[in-house]
Amino acid sequence: MLVRASTAMRRGLPRSLYFGGEGRGLSGIERGGNKTTADCFPLNRALLRLQGPEAETFLQGLLTNDVARLTAVGGPPDATRALYSHVLNVQGRCLYDVILYRIHESLQEEPHILLECDASILDSLQKHLKLYKIRRKVNIMPCPDLSLWAVIPKEQSEEGTGELQQCPSKAVVVTPDPRVAVMGWRLITSKGTDPLEVVPGSQIGNMKDYHRHRYKQGIPEGVKDLPSGTALPLESNLAYMNGISFTKGCYIGQELTARTHHMGVIRKRLLPIQLSTPVPSESIFEGAEIVSESGKSAGKYRAGVDNLGIALLRLANMNEPLRLKIPGCWRHRDSSKSLLSKK
């Protein structure tokens, strides 16, 4: 049962799911030691570079978050170095989930923005941006020379940030993940750079472990978790992953999102789930129905690994025993710890 999640719903969810400040870091890092303190995961994500005097204002009208909050990497310790956001269509549904990074490569060069997205939709996102570019002074180009990594500490700590900050020449960007603290750090390096040189004491992780970690926390990422043109931002917990501004002004898809927020009625949410037994992901079709014991529809399965996953569930049914409909069999769904119950 998602008992803890329903309790959090009754109490009212926190506005931010950060468990620490942006100064949190990797604990226990030792120079020359053998202790493994973090896993570096090579992400199937890609980067677009937006450069030009109107890059910020251009993105401001397309993204759910306030791009003006973004400051250059290397600024004050409390500066916003990365932003999570969604690109919506005119109906207010998510097209792409993105993370923005703003950097200066030199004092002589104007700052530019790196836009992280699912690698499978890189071309689609680039075409979408160029469609709205019109005559704005902004250049949009892919960055095949850069690699993107997720760095997940073995332990959460507010100490140990110095080791990462002492390797600026080996990393383009090193910043805490802007969504939630449990997702660790985002690391961007030049292609071919060994991330273990940037993060001392780390090791290359298995991507299956990264996705299990995400699903256990209920963090969606990419078009598999957030189907393009289908997912709604507030049902996808965008407000609780620091991905939306309700004060920034107009952007494409704002009307439905703002109306839903001010009405305060959200009947479904994307929640972490745990199956009673592991099931190969290929045996569960996209959007498989989840039903209550009486057979009433309670939601839809989105994605998962082994027995962990995420599903869009009706909040009214989240305390009930639920079952996942798979052709030829039934799988009971047990609850995992809910992201929504954490403070």
Side-chain angles (χ1 to χ4, degrees), residues 43-70 82-103 110-148 173 178-179 186 188 219-239 241-246 248-260 270 286-287 302-303 312:
L43 301 177
N44 186 31
R45 307 276 285 179
L47 292 161
L48 285 174
R49 186 191 309 271
L50 286 84
Q51 192 166 7
E54 295 184 283
E56 180 182 306
T57 55
F58 168 63
L59 289 174
Q60 190 77 304
L62 294 176
L63 303 181
T64 57
N65 217 333
D66 187 358
V67 184
R69 292 176 49 221
L70 209 57
L83 282 179
Y84 177 60
S85 187
H86 282 186
V87 181
L88 307 182
N89 61 17
V90 292
Q91 288 80 32
R93 295 183 181 272
C94 174
L95 291 177
Y96 317 104
D97 63 308
V98 299
I99 297 180
L100 291 79
Y101 311 89
R102 188 170 186 177
I103 64 175
E110 62 184 352
H112 57 270
I113 295 173
L114 295 179
L115 196 66
E116 171 196 328
C117 66
D118 191 309
S120 66
I121 53 89
L122 178 66
D123 293 340
S124 176
L125 176 57
Q126 187 173 3
K127 290 178 182 177
H128 179 82
L129 295 176
K130 289 184 176 180
L131 177 66
Y132 289 96
K133 175 185 172 182
I134 312 177
R135 295 184 179 179
R136 291 187 182 273
K137 297 178 180 179
V138 53
N139 294 320
I140 305 168
M141 63 198 77
C143 303
D145 57 325
L146 297 178
S147 297
L148 188 65
V173 173
R179 297 170 296 182
R186 241 34 184 192
I188 300 176
I219 306 295
E221 185 176 285
V223 293
K224 190 174 181 180
D225 299 343
L226 300 167
S228 183
T230 300
L232 288 168
L234 297 185
E235 288 183 352
S236 303
N237 302 317
L238 188 63
M241 292 191 293
N242 308 293
I244 190 168
S245 169
F246 296 107
K248 60 169 280 186
C250 296
Y251 57 89
I252 293 176
Q254 179 204 21
E255 184 177 355
L256 175 62
T257 306
R259 183 168 66 247
T260 303
L270 203 59
E286 183 178 338
R302 280 281 175 81
L312 186 66

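Since this is a predicted model, take the numbers as computed values, not measurements. Each residue takes its place number in the sequence, starting with 1. Values reported hereafter were calculated over all heavy atoms of this structure, with side chains retained and with hydrogens, waters and symmetry mates removed.
In summary, Lys137 and Glu54 do not engage in a salt bridge, as defined by a charged side-chain N under 4.0 Å from a carboxylate O. A salt bridge does not link Asp97 with Arg179: none of the charged nitrogens is closer than 4.0 Å to a carboxylate oxygen. Between Glu56 and Arg136, none of the side-chain N atoms (NZ, or NE/NH1/NH2) sits under 4.0 Å from a carboxylate O, so this pair counts as no salt bridge.
Between Leu100 atom CG and Leu63 atom CG the span is 5.5 Å, to the nearest 0.5 Å. Rounded to the nearest 0.5 Å, atoms NZ (Lys127) and NZ (Lys133) are 16.0 Å apart. Here the CG-CG distance, from Leu88 to Leu256, works out to 9.0 Å after rounding to the nearest 0.5 Å. To the nearest 0.5 Å, atom CG of residue Leu115 and atom OH of residue Tyr96 are 11.0 Å apart. Taken to the nearest 0.5 Å, the CG atom of Asn65 stands 11.5 Å off from the CG atom of Leu59. The distance from the CZ atom of Arg93 to the NE2 atom of His86 is 13.5 Å, given to the nearest 0.5 Å.
In this structure the side chain of Arg49 never reaches within 4.5 angstrom of the side chain of Ile113, judged on heavy atoms. Annotation: side chain of Val138 is not in contact with side chain of Gln51 (no heavy-atom distance under 4.5 Å). Two residues are said to be in side-chain contact when any heavy atoms from C-beta on lie closer than 4.5 Å; Tyr251 and Thr257 meet this criterion. Using a 4.5 Å heavy-atom threshold, the side chains of Ile252 and Asn89 count as separate. Put simply, the side chain of Arg186 reaches to within 4.5 Å of the side chain of Glu116, judged on heavy atoms. Between Ile188 and Ser147, every side-chain heavy-atom pair lies at or beyond the 4.5 Å cut-off. Counting heavy atoms from C-beta on, the side chains of Leu95 and Ser228 come closer than 4.5 Å. With a 4.5 Å cut-off on side-chain heavy atoms, Asn139 and Leu50 do not count as touching.
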Does the side-chain contact (heavy atoms from CB on, under 4.5 Å) test come out yes or no for Leu83 and Tyr101, once each step is laid out?
CA-CA 7 Å; Leu83 282 179; Tyr101 311 89; over 6 Å; no

Would you sort out whether His112 and Arg102 count as a side-chain contact (heavy atoms from CB on, under 4.5 Å), showing the intermediate values?
CA-CA 6 Å; His112 57 270; Arg102 188 170 186 177; over 6 Å; no

Go through the steps for Leu122 and Cys117 under the test side-chain contact (heavy atoms from CB on, under 4.5 Å), then give the verdict.
CA-CA 7 Å; Leu122 178 66; Cys117 66; 3.9 Å; yes

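Residues Tyr84 and Pro220 approach most closely at OH-O, 4.3 Å, considering heavy atoms. Considering every non-hydrogen atom in both Phe58 and Ile140, the closest pair reads CE2-CD1, 4.0 Å. Considering all non-hydrogen atoms of both residues, Pro178 and Ala82 come closest at CB-O, 3.5 Å. Residues Leu226 and Cys94 share a closest heavy-atom pair of CB-SG, 4.5 Å. Heavy-atom minimum distance, Ser236 versus Leu270: CA-CB, 4.1 Å.
Around the NZ atom of Lys224, the shell of radius 6.0 Å holds no more than 12 heavy atoms that belong to other residues, nucleotides or ligands.
Distance alone, capped at 3.5 Å, places no donor-acceptor pair between the Asp225 side chain and the Ala303 backbone. One N or O on the side chain of Gln254 and one on the backbone of Gly249 form a donor-acceptor pair closer than 3.5 Å. One N or O on the side chain of Ser85 and one on the backbone of Thr64 form a donor-acceptor pair closer than 3.5 Å. Of the possible donor and acceptor atoms, none in the side chain of Asn44 sits under 3.5 Å from a partner among the backbone N and O of Asp118.
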